[in-house]
Amino acid sequence: MMNAIHEILRLDYFKHYLSCKSSIEVQEFIEHMKRYLNMYMPNAGYEISDTKRYSEKKVEACLIATKDWQRGDEISLLSGIILSPTLFLGPARFANHDCDSNCRFITQGQNTIVFQARKEIKCGEELTVFYGHHYFGENNCKCKCVSCEKNGLGYFTVAHEVQTNPNIQQRRRSKRTMIEEDEGYRKRPRVMSIDFICNDVNNNEHHNLLDLFKKKEQELTIVVNPDLYQSSPPLSTKADSAVGLSPKADKKLEDEDEDEEDDLLDQFLDDISDLSSIASDLTTETEKEDEQDQNKREKKNGNHRKMKKGNERLDCVACNRPLQNILKQIGVQRDVLDAKGILRFLNKNGRREEG
Ligand SMILES: C[S@@+](CC[C@H](N)C(=O)[O-])C[C@H]1O[C@@H](n2cnc3c(N)ncnc32)[C@H](O)[C@@H]1O
């Protein structure tokens with residue numbers, strides 16, 4: 001180890017970098033270098049590897065066990081210094097988060113942490129720690145860890161609901177078939193949620209759900225979370241349903257005539273209509289029945305775009321926050337569904353944006 005350090009310090013870059021540092025700073029630098037060099041010790045018991053689990057676009061680093069570890073073992077050559085409660089430097093910075101992590105940090109001295117196994121870990125498994133309950137969005141709704149994948153939570157929530165709820169499965173299957181038949185459309189079905197809008201704080205173009213799913217070639221899913229309605233009268237079974245809004249490929253959209261555009265809008269409105277009818281937590285069962293009759297009549301009269309105004313409440317499937325709050329966050333206010341069934345939003349300046 002000391003030989004390696006001497007070799008590194010002899011390099012011009014480091015000589016220059018350290019030339020104006022105090023002896024204490026040089027000593028700290030060497031200590032920190034040792035933390036990183038520890039990763040390469042044969043007895044480290046882990047190595048740095050790469051993974052595509054956490055990002056579709058880029059390969060990220062991860063820590064992989066190179067031996068079996070027992071619960072309680074200290075992985076002493078895997079350490080870091082604490083810059084802030086959520087920021088570490090040293091090999092610890094390569095640890096990814098898992099909601100049921102196999103390691104924890106233990107402090108060593110004032111600002112150093114080392115890893116400790118909190119479960120039995122097999123050689124080849126990723127070493128993970130727990131960053132916190134809301135590091136990846138509210139309730140870690142964007143977390144892509146193995147545990148979330150196993151349990152259908154975090155980033156994988158919708159997929160889970162789709163698997164376990166036959167109603168959802170049925171709806172989605174028909175829409176997915178349409179997507180897959182559509183040449184030029186991505187073959188792999190993608191499940192997005194309103195959460196996508198939560199992410200899109202800086203993009204003012206994405207105010208309009210219809211535009212969003214047309215432009216983005218995404219399947220936009222809105223789920224009313226029944227948990228949020230616990231204090232309300234029992235909801236119809238539809239309360240568990242998800243609405244998959246399936247866009248067509250941009251290429252196709254460009255050539256679409258008005259009829260196709262209308263079909264898309266109708267489909268969107270039908271889906272939204274399902275949602276708004278189940279999400280009105282102030283509506284009594286009788287009122288609901290009346291409303292359903294009314295909807296049927298309107299549909300029969302070709303007036304099925306007419307939407308119920310007022311108290312419908314939509315929630316983001318990923319973070320469970322009301323849509324209203326998310327829209328506030330991105331700087332728009334949801335107005336009402338108007339007579340044509342178009343979702344209207346007000347932008348920051350109070351200007352009306354039309355769907
Ligand atoms: C401290 S770094 C961990 C090392 C990181 N993989 C790298 O290559 O630098 C934290 C970053 O890793 C990714 N990450 C770690 N755990 C994750 C998880 N459970 N879900 C999604 N992304 C995660 C995120 O990009 C996060 O910002």
Side-chain angles (χ1 to χ4, degrees), residues 32-33 35-40 44-66 69 75-108 111-119 121-122 124-161 188 190-203 218 221 316-321 326 329:
H32 198 50
M33 194 159 40
R35 287 188 190 100
Y36 278 104
L37 290 175
N38 276 336
M39 294 193 299
Y40 304 104
Y46 71 94
E47 66 183 10
I48 297 230
S49 185
D50 52 62
T51 176
K52 290 203 86 180
R53 159 167 287 278
Y54 305 103
S55 168
E56 281 176 17
K57 291 187 196 127
K58 55 181 178 143
V59 174
E60 291 201 21
C62 66
L63 299 170
I64 301 289
T66 53
W69 293 95
I75 310 176
S76 55
L77 298 184
L78 178 46
S79 65
I81 48 168
I82 308 167
L83 288 192
S84 79
T86 52
L87 185 59
F88 301 112
L89 289 183
R93 71 157 298 302
F94 296 113
N96 293 309
H97 161 99
D98 192 295
C99 291
D100 186 19
S101 67
N102 53 18
C103 291
R104 66 160 67 90
F105 296 132
I106 50 174
T107 49
Q108 229 181 34
N111 63 352
T112 304
I113 47 108
V114 292
F115 277 46
Q116 185 185 47
R118 57 184 291 271
K119 297 175 179 189
I121 302 169
K122 290 274 171 231
E125 277 178 31
E126 181 174 354
L127 300 178
T128 54
V129 286
F130 184 74
Y131 292 3
H133 291 283
H134 306 289
Y135 190 90
F136 297 102
E138 242 172 282
N139 297 318
N140 284 333
C141 58
K142 291 171 216 153
C143 178
K144 295 183 175 174
C145 74
V146 173
S147 301
C148 280
E149 187 170 15
K150 266 190 209 154
N151 300 321
L153 296 172
Y155 179 80
F156 305 96
T157 304
V158 177
H160 172 73
E161 291 206 31
R188 196 164 66 83
R190 300 222 286 168
V191 179
M192 298 296 291
S193 71
I194 288 185
D195 180 48
F196 181 74
I197 301 180
C198 318
N199 282 338
D200 230 358
V201 182
N202 299 317
N203 192 340
Q218 310 282 12
T221 301
C316 170
V317 60
C319 69
N320 285 345
R321 285 183 304 155
I326 298 164
Q329 183 191 332

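As the structure lists them, so they are numbered: ligands from 1, and atoms in each ligand from 1. These values consider heavy atoms only, across backbone and side chains, with no hydrogens, waters or symmetry-generated copies.
- Near N96, with a cut-off below 4.0 Å to any heavy atom, the atoms of ligand 1 are 3 (C), 4 (C), 5 (C), 6 (N), 12 (O), 13 (C), 14 (N), 15 (C), 16 (N).
- If you check which protein heavy atom lies closest to atom 8 (O) of ligand 1, you get A61 N, 2.7 Å.
- For Y131, the closest heavy-atom approach to ligand 1 falls below 4.0 Å.
- Of all atoms in ligand 1, listed by their number and element, those nearer than 4.0 Å to a heavy atom of F94 are 4 (C).
- If you check which protein heavy atom lies closest to atom 13 (C) of ligand 1, you get E60 OE1, 3.3 Å.
- The contact set between ligand 1 and C143, taken as ligand atoms under 4.0 Å from a residue heavy atom, comprises 19 (N), 20 (N).
- A donor-acceptor contact under 3.5 angstrom links the side chains of T128 and N102, judged on distance only.
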Could you check E126 against R53 for salt bridge (Lys or Arg N to Asp or Glu O under 4.0 Å), going step by step and ending with a plain yes or no? CA-CA 11 Å; E126 181 174 354; R53 159 167 287 278; 5.4 Å; no
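- From the protein, the heavy atom lying nearest to atom 19 (N) of ligand 1 is H97 O, 2.9 Å.
- Here the side chains of V114 and I75 are not in contact, with every heavy-atom distance at 4.5 Å or above.
- For H97 and F136, the gap between ring centers is short of 6.0 Å.
- Considering both main-chain and side-chain atoms, A95 never comes within under 3.5 Å of ligand 1 through any nitrogen or oxygen pair.
- In this structure, F94 has no ring pair (Phe, Tyr, Trp, His ring centres under 6.0 Å) partners at least two apart in sequence or on a different chain.
- Looking only at protein heavy atoms, the nearest one to atom 26 (C) of ligand 1 is F136 CE2, 4.1 Å.
- Ligand 1 has no atom lying under 4.0 Å from any heavy atom of S55.
- Here the side chain of N140 pairs a donor or acceptor atom with the backbone of G132 at under 3.5 angstrom.
- In terms of polar-atom proximity, defined here as any N/O pair under 3.5 Å, Y54 makes no such contact with ligand 1.
- No donor-acceptor pair closer than 3.5 Å links the side chain of Y46 to the backbone N or O of T66.
- A donor-acceptor contact shorter than 3.5 Å is absent between the side chain of W69 and the backbone of C103.
- Which parts of ligand 1 touch R93 is read off a 4.0 Å heavy-atom cut-off, strictly below it: atoms 1 (C), 2 (S), 3 (C), 4 (C), 9 (O).
- Distance remark: protein heavy atom present below 4.0 angstrom from atom 2 (S) of ligand 1.
- The nearest protein atom to atom 20 (N) of ligand 1, hydrogens excluded, is given as K144 N, 3.0 Å; this is a heavy-atom distance.
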For R118 and D100, run salt bridge (Lys or Arg N to Asp or Glu O under 4.0 Å): C-alpha distance rounded to whole Å, both residues' side-chain angles, the deciding distance at 0.1 Å, then the answer. CA-CA 10 Å; R118 57 184 291 271; D100 186 19; 3.4 Å; yes
